[in-house]
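Below is one structure; the comments refer to it alone.
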Amino acid sequence: MEFEGNDVVIIECENAIGDVIIPRTIHSDDHKNLNGGHEFTIRKIDKYAFSCCEGITSIHMPDTVTSIDGSAFSDCPDLESIIVDDGNSNYASKDGVLFDKDVSFMIKFPEGKKGDYVIPEGVMALGEFAFSRGPGLTSVTFPDSITSLEDCTFAWCPNLVSICVNAGNGCFSSKDGVLFDKEGTVLIKYPEGKRGDYIVPEGVISMRSWAFSECPGLTSIIIPEGVTSIEDWSFNECTGLSSVSIPGGMRSIGNFAFSKCVNLNSVKIPANVRSIGNNAFDECHNLTSMTIPEGVTSVREYTFSGCCNLESVTLPESITSIKDNAFAGCCALTSIDIPKNVTSIGRYAFKGCSKLTTIVIPEGVTSIDDWAFSECTGLESIHIPRSVESMGLWVFNECTGLKRVYLDSDIDYDFGKGVEIVRSKS
């Protein structure tokens, strides 16, 4: 607990189990760390206050509570009911679900509740954590009144197979259990419990962030022409996804877009793509090859990190930088041609690329950052051009096979014991 004058903020609740009844007040005589003779009123439930309290089955809120953070009850898998005193002027509960006082804003559906749920008519908005981490939730029906929701409202609901929308709703629609805007042009959420292949309907021009995130049963997807961007986290941890068809008009692939899609084995990035975000394909264990189109200017942080079966990568001449950890852990990568316009190679960029045997760094690179080629145990030789002005710490740390460095640069650097330095004669 924390104290704000005579008010109490609940910041953490350890070892709570069963039915939890929060009192209206606490008295200092009951707590050895407080001066006696004072009464304090419980006013706030702070963020993550009851997080990870696995044994709690219900929580009873007094009328004194004026502030509840939406994340307060996250990761409470046994919580079936949140009950608010009728006299509370800020909050209400209905069928064990937490709302604001006038039941127009839904705050939290308890994570232990199971089955189908029909959102009451009159609810206009769903909070960020409203349905998140609800393993027992199987379907949700929107009333006419709903007008807004957050990107993560339905995150981590592994058994949710359908989101339905009443026909009278003016902002949302559904088709085959998938949530769209009213016009059907924006795909908002594909339920995480749906399984099989999916073809995004013609007419869709946008897919929201997190739209397909953590859908392990999704096996393949076809994205139609008209969609020009794959937003951040769109297919993150779709562990069953093996193939994706991206339209030719695609312009950008966001951060973490296909992160941890461990079964994804083939992706053709269209020629019009100009931006690929950080972590876009990290830990895609089944990817074996990748061609990045001309026009992309950077291999961002962790873009292909942990792609342990990636054997070949084709980089365009438009690339000017290879960022931190871009290819870290690509232990099957046998060769890579670094484009001539690259000027910098980031930290850990090729760490653990143990099958690389030789690397030619092109003229124009001015900096190679810390541990850039560390643990490249198969690396036997490398060419460092005259343009290199700085090299970070331990660039070739644990490169146990490194025998020869062709050094055109005037830089003074310790390449390790037993490494032959061949300097340019020009």
Side-chain angles (χ1 to χ4, degrees), residues 1-2 8-22 42-62 65-84 88 90-100 103 105-117 119 123 125-140 146 148-160 163 179 188-193 208-216 232-233 236-237 256 259-260:
M1 293 182 293
E2 289 184 349
V8 175
V9 180
I10 297 177
I11 61 171
E12 188 176 14
C13 185
E14 295 181 349
N15 303 318
I17 59 172
D19 298 331
V20 174
I21 300 175
I22 300 174
I42 294 180
R43 297 289 188 193
K44 298 180 180 180
I45 313 296
D46 207 5
K47 58 185 178 181
Y48 303 108
F50 290 89
S51 180
C52 300
C53 291
E54 295 185 1
I56 293 178
T57 55
S58 70
I59 294 178
H60 299 251
M61 297 285 175
V65 172
T66 60
S67 175
I68 303 173
D69 190 273
S71 67
F73 310 107
S74 64
D75 286 307
C76 294
D78 300 316
L79 182 62
E80 298 176 351
S81 181
I82 302 170
I83 301 168
V84 180
N88 192 296
N90 292 277
Y91 299 99
S93 60
K94 190 170 183 178
D95 298 325
V97 180
L98 180 63
F99 297 89
D100 66 348
V103 195
F105 180 76
M106 182 174 166
I107 301 168
K108 186 63 179 175
F109 180 89
E111 295 170 12
K113 282 181 75 72
K114 295 177 174 63
D116 306 334
Y117 183 67
I119 300 171
V123 175
L126 304 177
E128 180 180 2
F129 298 92
F131 289 99
S132 66
R133 300 188 185 278
L137 183 66
T138 52
S139 76
V140 173
I146 291 279
S148 69
L149 76 161
E150 301 294 330
D151 286 340
C152 296
T153 294
F154 294 101
W156 307 292
C157 294
N159 293 303
L160 180 65
I163 303 171
L179 182 64
I188 298 170
K189 183 61 181 176
Y190 181 92
E192 293 173 11
R208 287 259 291 261
S209 298
W210 301 84
F212 294 88
S213 182
E214 300 199 28
C215 293
D232 297 349
W233 304 92
N236 173 58
E237 292 194 47
F256 296 90
S259 174
K260 297 181 175 64

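Since we're looking at a predicted model, the values are computed, not measured.
Here the shortest heavy-atom pairing between P135 and E111 reads CD-O, 3.4 Å. Between P191 and C215, the closest heavy-atom pair is O-SG, 3.9 Å. Closest approach of P158 to G134, counting heavy atoms only: CD-O, 4.3 Å. Contact record, A72 with I45: CB-CG2, 3.8 Å, taken as the closest heavy-atom pair. Minimum interatomic distance between D116 and T138 (heavy atoms only, all atoms of both residues): OD1-OG1, 2.5 Å. Across every non-hydrogen atom of D100 and I107, the tightest pair is N-CD1, 3.9 Å.
Judged by distance alone, the side chain of E192 and the main-chain N or O of W156 form a donor-acceptor pair under 3.5 Å. Side-chain N or O atoms of N88 include one that pairs as donor or acceptor with a backbone N or O of P62 at under 3.5 Å. With hydrogens and angles ignored, the 3.5 Å screen pairs a side-chain donor or acceptor of Y91 with a backbone N or O of I68. Listed for the K108 side chain is a donor-acceptor partner under 3.5 Å among the backbone atoms of S132. Counting only distance, with no hydrogens or angles, the side chain of K113 and the backbone of D95 share a donor-acceptor pair below 3.5 Å. Using modelled atom types, one side-chain atom of T153 and one backbone atom of G127 make a donor-acceptor pair closer than 3.5 Å.
In summary, the side chains of N90 and T66 do not present any donor paired with an acceptor at a separation below 3.5 Å, with no hydrogens or angles considered.
Within the 4.5 Å cutoff, the side chain of I82 has no heavy atoms near those of the S93 side chain.
With F154 as the partner, the ring pair (Phe, Tyr, Trp, His ring centres under 6.0 Å) test is satisfied by one option alone out of F131, F109, F129, Y190: F131.
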Legend entry - Worked verdict on D232 versus S209 for side chain to side chain contact (heavy atoms under 4.5 Å, CB included): CA-CA 5 Å; D232 297 349; S209 298; 4.3 Å; yes
Inset, instruction - Please lay out, stage by stage, how I163 and I188 fare under the test side chain to side chain contact (heavy atoms under 4.5 Å, CB included). - result: CA-CA 11 Å; I163 303 171; I188 298 170; over 6 Å; no
Inset, instruction - Dump the intermediate steps for side chain to side chain contact (heavy atoms under 4.5 Å, CB included) on E214 and N236, then the final yes or no. - result: CA-CA 6 Å; E214 300 199 28; N236 173 58; 4.3 Å; yes
Legend entry - Trace of the side chain to side chain contact (heavy atoms under 4.5 Å, CB included) decision for L149 with I146: CA-CA 8 Å; L149 76 161; I146 291 279; 5.7 Å; no
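In this structure, F73 and F50 have parallel ring planes: the angle between them is below the 30° cut-off, well short of the 60° mark.
A distance of 10.0 Å separates CG in D19 from CD1 in I56, rounded to the nearest 0.5 Å. Put simply, NZ on K189 and OG on S213 are 6.0 Å apart, with the number rounded to the nearest 0.5 Å. If you take CD1 on I10 and CD1 on I42, they are separated by 4.5 Å, rounding to the nearest 0.5 Å.
Heavy-atom neighbours of Y48 OH from other residues, nucleotides or ligands within 6.0 Å: at or below the threshold of 12. More than 12 non-hydrogen atoms from other residues, nucleotides or ligands lie less than 6.0 angstrom from NZ of K260. The neighbour count for I17 CD1, taken as heavy atoms of other residues, nucleotides or ligands under 6.0 Å away, does not exceed 12.
Residues passing the salt bridge (charged side-chain N to carboxylate O under 4.0 Å, His left out) test with D151 are R208, sequence neighbours excluded. Listed by chain and number, the residues in a side chain to side chain contact (heavy atoms under 4.5 Å, CB included) with N159 amount to none (sequence neighbours excluded). Every residue two or more places apart in sequence or in another chain that forms a side chain to side chain contact (heavy atoms under 4.5 Å, CB included) with D75 is listed here: S51, C52, R133.
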